[in-house]
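For reference, the structure discussed in these notes is given below.
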Amino acid sequence: MALGTSAMAVNFGSSSTQGSMLITVSSQQAGTEIALADSSGTVLVSGTAGKSYNSVLISCPGLAQGETYTLTTGSDSTEITLSSLVYSSTGGGMSGTMGDNRGGRGGMH
């Protein structure tokens, strides 16, 4: 999981074999809880934000194309159906792909 601003957010490349999602959310403060659960309610990844953010990038083995997930950021929840293995819903922010750039120069930490 990586957090940052939507203006700097980039997703994984289309050749990725593990599911990922890049989601723009309402602005959240440091200390908010973040969790991603599958349709049965099983939490796949969770944590506490170390800084303010409005963009969340998650990649984990449990993500599958066509499945629906619930992303909770603070008191907000967003339902996401992965229409592709590398999914992006970035609102007005810029988005791109990381491709094979595993150095993480996308500006999210």
Side-chain angles (χ1 to χ4, degrees):
M1 179 173 14
L3 308 172
T5 62
S6 59
M8 298 293 292
V10 294
N11 205 340
F12 289 88
S14 60
S15 63
S16 294
T17 57
Q18 179 171 291
S20 68
M21 61 175 66
L22 175 62
I23 308 295
T24 297
V25 297
S26 61
S27 293
Q28 300 290 326
Q29 298 300 313
T32 59
E33 296 294 320
I34 306 156
L36 181 71
D38 64 16
S39 58
S40 66
T42 301
V43 175
L44 302 176
V45 63
S46 65
T48 303
K51 65 178 188 173
S52 298
Y53 66 95
N54 74 338
S55 186
V56 178
L57 173 64
I58 296 175
S59 181
C60 65
L63 295 179
Q65 185 173 340
E67 296 296 319
T68 300
Y69 302 91
T70 302
L71 176 65
T72 303
T73 53
S75 61
D76 298 335
S77 290
T78 304
E79 191 170 273
I80 301 143
T81 300
L82 291 187
S83 55
S84 62
L85 195 58
V86 178
Y87 177 85
S88 181
S89 174
T90 57
M94 294 170 37
S95 66
T97 57
M98 286 175 69
D100 288 329
N101 176 8
R102 293 190 178 98
R105 294 180 0 197
M108 294 180 62
H109 304 282

Nearest 0.5 Å please: distance from the [atom1] atom of [X] over to the [atom2] atom of [Y].
X: Ile34; Y: Thr48; atom1: CD1; atom2: OG1; answer: 7.5 Å
X: Ser59; Y: Met21; atom1: OG; atom2: CE; answer: 9.5 Å
X: Ser46; Y: Met1; atom1: OG; atom2: CE; answer: 6.5 Å
X: Ser77; Y: Leu71; atom1: OG; atom2: CG; answer: 8.0 Å
X: Gln28; Y: Ser52; atom1: CD; atom2: OG; answer: 9.0 Å
X: Ile23; Y: Leu36; atom1: CD1; atom2: CG; answer: 9.0 Å

After noting the C-alpha distance and the side-chain angles of Val25 and Asp76, does the key distance pass the side-chain contact (heavy atoms from CB on, under 4.5 Å) rule? CA-CA 8 Å; Val25 297; Asp76 298 335; over 6 Å; no
Ser55 to Leu22 - nearest heavy-atom pair and separation: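 Nearest heavy atoms, Ser55 then Leu22: OG-CD1, 3.4 Å.
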Mind checking side chain to side chain donor-acceptor pair (under 3.5 Å) for Ser75 and listing every partner two or more places apart, or none if nothing turns up?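 Per chain and number, Ser75 pairs via side chain to side chain donor-acceptor pair (under 3.5 Å) with no residue.
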Among side-chain atoms of Thr70 and Glu79, is any donor-acceptor pair under 3.5 angstrom?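 The criterion, which ignores hydrogens and geometry beyond distance, is not satisfied for Glu79 and Thr70.
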My understanding is that only residues two or more places apart in sequence, or in another chain, count here; which of them pass side-chain contact (heavy atoms from CB on, under 4.5 Å) with Glu67?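 Glu67: side-chain contact (heavy atoms from CB on, under 4.5 Å) contacts with Ser39, Ala64, Tyr69.
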So do Asp38 and Leu44 actually touch side chain to side chain, heavy atoms under 4.5 Å?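 Side chain of Leu44 against side chain of Asp38, heavy atoms only: contact under 4.5 Å found.
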